[in-house]
> 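Take a look at the following structure, please.
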There are 2 protein chains.
Amino acid sequence: MNETDEIVRLLRSRGLKVTPQRIAILRLLKNGGHFNIEQVLNELRKIEPNISISTVYNALNTFVELGILRSFEVDGKTWYEIRKKPHINVVCEDTGQIIDVNVDVSTIERKIRSMGIMIRDLTIVVRGNCISPSLSGGNSQK
Amino acid sequence: MNETDEIVRLLRSRGLKVTPQRIAILRLLKNGGHFNIEQVLNELRKIEPNISISTVYNALNTFVELGILRSFEVDGKTWYEIRKKPHINVVCEDTGQIIDVNVDVSTIERKIRSMGIMIRDLTIVVRGNCISPSLSGGNSQK
DNA sequence: ATATGTGCAAAGGGTTTGCAGATAT
DNA sequence: ATATCTGCAAACCCTTTGCACATAT
């Protein structure tokens, strides 16, 4: 079964219509990585040149509501990623890049659940400097 | 030493001018809790009726930059809290309320640092339902 | 005296909405 | 055939900015 078939099945299983725009968005995100709207649009327009920003927002919001994607916000911008097991999103203040770091969050989850809270989503964001200032030789903070 | 004196000293130590607006904002936040702009404005206007939203934003941003406060975003809105040791911010989707839950984050921090990343800020946000749906008797999710 | 802060209004930037036409089922 | 989706433009909301006046030092 190829990648597109998988996506088509996913969409159908959620009762969504299969459109080229939705397929393109899921193809972009399904293999990991983090994308903000600007990046999603840039990538998608290579494939679907006329795709509109509202279609992208609509699709991303739908996918987040259905639990296919998850989103989090950094500096007023929303980032989207495929939903997988909880992890740390490390935002490098030098490069703007976001990387995933896996950690065991079962202790955190257990504590939250023990308080009678049903967990819907867990976001861990670290802002930091991935390039050591001493090595990069200067003040590269924004 | 009373609360206001402490705040005055804090402001002076950071080279900031001591204004009634800044004092009021720090008095509101220094004892804990989470506030968004609307809440800060509502509270402050009981004391400083003419305080403007831009003054509040200016002050909050200044305090965040100086490390007195920290901020994080949920659903497009910025929340402010006094900077203290890392913890989980639990956002209840039923009530909109935010509560702190203390956890040991040293494992997370160690892992991030071992990758050569200098940590500037750590945010952990859990979205959940603090009122058990079975107890509250219905669908109260937004 | 003067650098800094405040308040107001306007501008900015990211996201959502309304709607007519297009598309998937 | 028709419910859903797309693309466009306008609207929205939160936040920032510019500037004249006020205040703290």
Side-chain angles (χ1 to χ4, degrees), chain A residues 4-5 7-26 28 34-42 44-45 47-66 68-80 91 96 98 142, chain B residues 4-5 7-26 28 34-42 44-45 47-66 68-80 96 142:
Chain A
T4 302
D5 285 347
I7 291 170
V8 169
R9 280 165 202 230
L10 175 61
L11 290 171
R12 288 205 211 286
S13 74
R14 304 307 184 105
L16 298 174
K17 289 192 171 172
V18 178
T19 67
Q21 295 85 347
R22 283 171 173 170
I23 292 173
I25 291 170
L26 287 178
L28 177 64
H34 308 78
F35 298 86
N36 59 33
I37 262 284
E38 187 185 356
Q39 294 170 330
V40 174
L41 266 181
N42 286 345
L44 289 190
R45 286 193 166 145
I47 303 154
E48 295 279 328
N50 295 318
I51 197 167
S52 85
I53 195 168
S54 57
T55 297
V56 176
Y57 273 117
N58 283 339
L60 291 171
N61 288 343
T62 299
F63 297 152
V64 169
E65 281 159 23
L66 293 176
I68 298 169
L69 302 181
R70 55 183 307 287
S71 66
F72 58 95
E73 295 155 56
V74 178
D75 290 340
K77 292 185 187 174
T78 305
W79 291 81
Y80 301 88
V91 182
I98 298 184
K142 67 157 187 236
Chain B
T4 301
D5 284 346
I7 291 170
V8 169
R9 280 167 202 229
L10 176 61
L11 291 171
R12 288 205 210 285
S13 74
R14 306 307 184 102
L16 298 174
K17 289 190 171 172
V18 177
T19 68
Q21 294 86 345
R22 284 171 172 170
I23 292 173
I25 291 169
L26 287 179
L28 177 63
H34 308 78
F35 297 86
N36 59 32
I37 262 285
E38 188 185 356
Q39 293 171 331
V40 174
L41 266 181
N42 285 345
L44 289 190
R45 286 192 166 146
I47 303 153
E48 294 280 327
N50 295 318
I51 196 167
S52 84
I53 194 167
S54 56
T55 297
V56 176
Y57 273 116
N58 283 339
L60 291 171
N61 289 343
T62 300
F63 297 152
V64 169
E65 280 159 23
L66 293 176
I68 298 168
L69 302 181
R70 56 182 307 286
S71 65
F72 59 94
E73 296 156 56
V74 178
D75 291 340
K77 292 186 186 173
T78 305
W79 290 82
Y80 301 87
K142 69 158 183 237

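Just so it is clear: chains get the letters A, B, ... in the order the sequence lines come, proteins before strands, and each one is counted from 1.
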> About how many Å separate OH of A:Tyr80 and CZ of A:Phe35, when rounded to the nearest 0.5 Å?
13.5 Å
> Measure the distance from OH on B:Tyr57 to P on C:dA9 and round it to the nearest whole Å.
17 Å
> Measure CG/A:Leu60 against P/D:dG7 and give the value in whole Å, please.
13 Å
> For the pair made of CD in B:Gln39 and C1' in D:dC14, what is the distance, rounded to whole Å?
15 Å
> In a check of side chain to side chain contact (heavy atoms under 4.5 Å, CB included) between B:Arg22 and each of B:Leu11, B:Val8, B:Leu10, which one passes?
B:Leu11
> Using whole Å, report how far CZ of A:Arg22 lies from C1' of D:dC5.
6 Å
> Nearest whole Å is fine: how far is C:dT6 P from B:Glu48 CD?
10 Å
> Map A:Val56 and B:Trp79 onto DNA chain D by nearest heavy atom, then report which one ends up closer to the 5' terminus.
A:Val56
> Using whole Å, what does the distance between atom P of nucleotide C:dG5 and atom CD of B:Glu65 come to?
12 Å
> Taking only N and O in the side chain of B:Lys17, is any of them less than 4.0 Å away from OP1 or OP2 of D:dT25?
no
> From CG of A:Leu41 over to P of D:dG7, roughly how many Å is that when rounded to an integer?
10 Å
> Do you know which two heavy atoms are closest between A:Arg14 and A:Leu66, and how far apart they sit?
NH1-O, 2.8 Å
> Hey, is the side chain of A:Ser54 pairing donor to acceptor with the base of D:dC8 inside 3.5 Å?
yes
> Report yes if at least one side-chain N or O of B:Gln21 is closer than 4.0 Å to OP1 or OP2 of C:dG7; otherwise report no.
yes
> Please confirm whether the shortest side-chain N or O distance from A:Arg12 to OP1 or OP2 of C:dT25 is below 4.0 Å.
yes
> Can you tell me if A:Asn58 touches the phosphate of D:dT6, counting only side-chain N or O atoms and a distance under 4.0 Å to OP1 or OP2?
no
> Please report the shortest heavy-atom distance between A:Val40 and A:Leu28, naming the atom on each side.
CA-CD2, 3.9 Å
> On DNA chain C, nearest-nucleotide positions of B:Ile53 versus B:Leu16: which is more 5'?
B:Leu16
> Rounded off to whole Å, could you give me the CG-to-C1' distance for the A:Leu11 and D:dC5 pair?
12 Å
> Among A:Glu38, A:Arg45, A:Gln39, find the one that has a side chain to side chain contact (heavy atoms under 4.5 Å, CB included) with A:Asn42.
A:Glu38
> Need one value for A:Thr55: base, sugar-phosphate or nothing, where a base atom within 4.0 Å counts as base even if backbone is also close, heavy atoms only.
base
> Please determine if a side-chain N or O atom of B:Thr19 lies less than 4.0 Å away from the OP1 or OP2 oxygen of C:dT4.
no
